[in-house]
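Notes follow the structure.
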Amino acid sequence: MKKLISVIVFIVAFASILFYRSTLREREVIILSTNDIHAVIDHFPELVTAVNLCRDTVATLLVDSGDRWTGNAFIDRAEGRLPIIELMNHAGYNAATLGNHEFDKGKALLQGAIEYAHFPILCANMKSNTDSLTTLPGSLTLKARNGIKLFIAGVVTNYDNGHPDGNDDIFVGLDFSDPIEAAKSEVAHHRADADIALLLSHMGDDKDMQLAAEDNCYNIILGGHTHAIADTLVGSTIIGQTGRYLKRLGATHIRMKGEKITSIEYRNIPLEGYAKDSATLAIVNRIENDPILGAAVGSLAAPITHTGFANMITKCIAEATDAQIGFYHYGGIRLANHDAGNIKLATVYNLEPFESKIHTIIMTPAQMRAMIIAKFNDTNNSKESHRVDLFSTTPYNIIVDKRGEAVDVVFPKLRENRKYRVALSDYVGKKYQAVNGDKHTTHNILVVDKLLELLNSQKQTPVDNTAYQKIIKQ
């Protein structure tokens, strides 16, 4: 009899479990994500509308994968660069990681922004040995309103020089470990019973894919740094990235039944077309209502392209230092184009937002050739390789072989055995490979100041959009 009762109890219990599992309510959470905003805040009103619409219907988290500033003078020249954090607080961000540009203005300014933020900022591969900046938590676990637990970690890129992209001096006192290994370690030691593992990555989509290929330890990687528009599946890991300048919002839709993930879907949503949230628009208008930064500082004689800006800058820095040749790097020119007519002070600061100084060096054509080839064939930063990266006042052709690798550079107007005084940015002078020559000198002359002098000195500044550097197949 007792045995029969035990069997009946077991059957009833088992049936109850099956019934419970069959009737489990599906739970959903949406992770909305941004990356590489670069202080371009004009789409924040649309962002807030999109986020609020989502929050009204489903459990929602809002996260960011770094590079929140450097790109808009109305943010970059504000005290502490805090207006961008004010907008993120207003939008209700839940977590973020560091990008390399968060370090641009030094550790103390970054610390102030971290303290001002209403959301946690994570970085598993940075350790601070200075009082100016605290060591940040590598991860946290958040519980959505429906009980889904999300483990969230953050990492920033790290190069062979031992720190993220940027001048060496701003990273003094900070130690950076390999971001991929740090991401693996963080999830292995701290995930605990979280349902979802999410990485906020500022190491580039190439590194994100490498991590996912090596170890599917994260369900989702939301990336940044390379300004890619990514929607990729590597193994079982979703990888997303929204480009830059807040033109899109990443949306990761997670469905669960009980403790089981039934689906994860990612897509990039254009913010154009969403209504502007009025309260957010008022904040943006207040931030950008600066009569000095909004004033015209010159006029362009014709529409100008990215190449045209490059020609203007290379000529400007060469003349400012009595150099025979000027070079400037692609990534240091942050505007793709501009219409003819008036150009504002804020626009000039946005064109060159890094406060770069002019660096001079005495070089032979052979040394210039080595510098150009090293950058073209760069394996450490492949996103900046195999293109014309160094614009110049002197024409040259990059000769590439069948594999697409640079094998030679031809300078039609230079004499091979002659030495030339060359002007470039201090970033190139200090950070690029194979920059060799005599009398390396960084001058206390800002590139942007010389651009402003040029624009102020004439009624209309001439525009030259000619491409003087070309790639030629062997």
Side-chain angles (χ1 to χ4, degrees), residues 33-38 63-71 95-105 107 110 114 121-128 133 135-139 152-187 198-215 217-218 220-230 232 234 237 239-244 250 329-332 354 375 378-385 389 427 430-433:
S33 57
T34 58
N35 60 269
D36 297 279
I37 296 172
H38 283 293
V63 297
D64 181 72
S65 294
D67 276 5
R68 290 173 277 284
W69 56 52
T70 305
T97 193
L98 294 175
N100 54 291
H101 283 294
E102 264 69 73
F103 298 91
D104 282 352
K105 294 299 290 183
K107 296 177 280 292
L110 174 55
I114 291 168
I121 298 175
L122 313 170
C123 192
N125 67 317
M126 183 200 78
K127 180 181 178 182
S128 176
L133 180 63
T135 295
L136 299 174
S139 61
I152 306 174
V155 291
V156 65
T157 192
N158 184 17
Y159 290 111
D160 292 342
N161 57 12
H163 60 67
D165 203 10
N167 290 322
D168 294 342
D169 55 346
I170 63 177
F171 298 104
V172 172
L174 305 176
D175 293 328
F176 294 87
S177 60
D178 179 81
I180 290 179
E181 294 307 314
K184 291 179 183 178
S185 176
E186 196 69 22
V187 72
L198 163 65
L199 179 66
L200 302 180
S201 161
H202 197 83
M203 58 182 180
D205 58 310
D206 48 348
K207 296 288 186 181
D208 295 339
M209 288 188 283
Q210 180 183 337
L211 169 58
E214 291 178 5
D215 190 340
C217 50
Y218 287 92
I220 308 154
I221 301 175
L222 300 176
H225 187 57
T226 43
H227 302 168
I229 302 172
T232 306
V234 177
T237 301
I239 298 174
Q241 192 177 154
T242 66
R244 60 176 175 172
H329 58 300
Y330 188 105
F354 308 109
K375 185 59 183 175
D378 187 3
T379 56
N380 292 327
N381 197 353
S382 60
K383 296 291 184 179
E384 296 180 2
S385 68
D389 184 85
Y427 179 79
K430 295 175 181 178
K431 302 297 295 182
Y432 273 37
Q433 301 174 33

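A salt bridge between Lys383 and Asp205 is present, with a side-chain N of the basic residue lying under 4.0 Å from a carboxylate O of the acidic one.
A donor-acceptor pair is defined here as one N or O able to donate and one able to accept, closer than 3.5 Å; no such pair exists between the side chain of Ser65 and the backbone of Gly224. Side chain of Asn125 to backbone of Thr157: no donor-acceptor contact under 3.5 angstrom is found. Judged by distance alone, with hydrogens and angles left aside, the side-chain atoms of Thr135 form no donor-acceptor pair with the main-chain N or O of Lys127 at under 3.5 Å. Glu214 contributes no side-chain N or O that, together with a main-chain N or O of Leu211, makes up a donor-acceptor pair within less than 3.5 Å. Distance alone, capped at 3.5 Å, is enough to place a donor-acceptor pair between the Asp67 side chain and the His101 backbone. Between the Gln241 side chain and the His227 main chain, a donor and an acceptor come within less than 3.5 Å of each other. Judged purely by atom type and a 3.5 angstrom limit, Tyr218 uses its side chain to pair as donor or acceptor with the backbone of Ala183. Formation of a donor-acceptor pair under 3.5 Å by the Lys375 side chain with backbone atoms of Gln433 is not found in this model.
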Begin from the C-alpha positions of Ile170 and Lys107 and carry the test side-chain contact (heavy atoms from CB on, under 4.5 Å) through to its verdict. CA-CA 7 Å; Ile170 63 177; Lys107 296 177 280 292; 5.7 Å; no
Please walk me through it: do Thr237 and Met209 pass side-chain contact (heavy atoms from CB on, under 4.5 Å)? CA-CA 9 Å; Thr237 301; Met209 288 188 283; over 6 Å; no
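Taking both residues in full, the closest heavy atoms of Pro164 and Tyr159 are given as C-CD1, 4.0 Å, listed atom of the first, atom of the second, then distance. Contact detail for Val155 and Pro179: the closest heavy-atom pair is CG1-O, 3.6 Å. The nearest pair of heavy atoms linking Gly243 to Asn35 is O-ND2, 2.9 Å. Residues Glu384 and Tyr432 approach most closely at OE1-OH, 4.4 Å, considering heavy atoms. Across every non-hydrogen atom of Gly223 and Asp208, the tightest pair is CA-OD2, 3.6 Å. The two residues Ala124 and Ala182 make their nearest non-hydrogen contact at O-CB, 4.0 Å.
Remark: His225 pairs with His202 by the ring pair (Phe, Tyr, Trp, His ring centres under 6.0 Å) rule, at least two apart or across chains. Partners of Ser385 under the side chain to side chain donor-acceptor pair (under 3.5 Å) rule, at least two apart in sequence or in another chain, do not exist in this structure. Residues satisfying the salt bridge (charged side-chain N to carboxylate O under 4.0 Å, His left out) test with Lys430, not counting sequence neighbours, are none. Residues passing the salt bridge (charged side-chain N to carboxylate O under 4.0 Å, His left out) test with Glu186, sequence neighbours excluded: none. When the side-chain contact (heavy atoms from CB on, under 4.5 Å) test is applied to Leu136, the partners found at least two apart in sequence or on another chain are Leu98, Ile114, Ile121, Cys123, Met126, Thr134.
Rounding to the nearest 0.5 Å gives a distance of 10.5 Å between CG of Leu199 and OG of Ser139. For the atom pair Arg68 CZ and Asp36 CG, the distance stands at 10.0 Å (nearest 0.5 Å). Remark: Asp64 CG to Thr34 OG1 distance equals 3.5 Å, nearest 0.5 Å. Atom CZ of Phe171 and atom OG of Ser128 lie 12.5 Å apart (nearest 0.5 Å). Rounding to the nearest 0.5 angstrom, the gap separating the CD1 atom in Ile220 from the CD1 atom in Ile239 is 11.5 Å.
Between Lys207 and Ile180 there is a side-chain heavy-atom pair separated by less than 4.5 Å. By the 4.5 Å heavy-atom criterion applied to side chains, Lys105 and Leu110 are not counted as neighbours. Residues Thr70 and Glu102 form no side-chain contact, since every pair of their non-hydrogen atoms from C-beta on lies 4.5 Å or further apart.
A donor-acceptor contact closer than 3.5 angstrom links the side chains of Asp165 and Tyr427.
Annotation: side chain to side chain donor-acceptor pair (under 3.5 Å) contacts involving residues 169-178, sequence neighbours excluded, comprise Asn129-Asp175.
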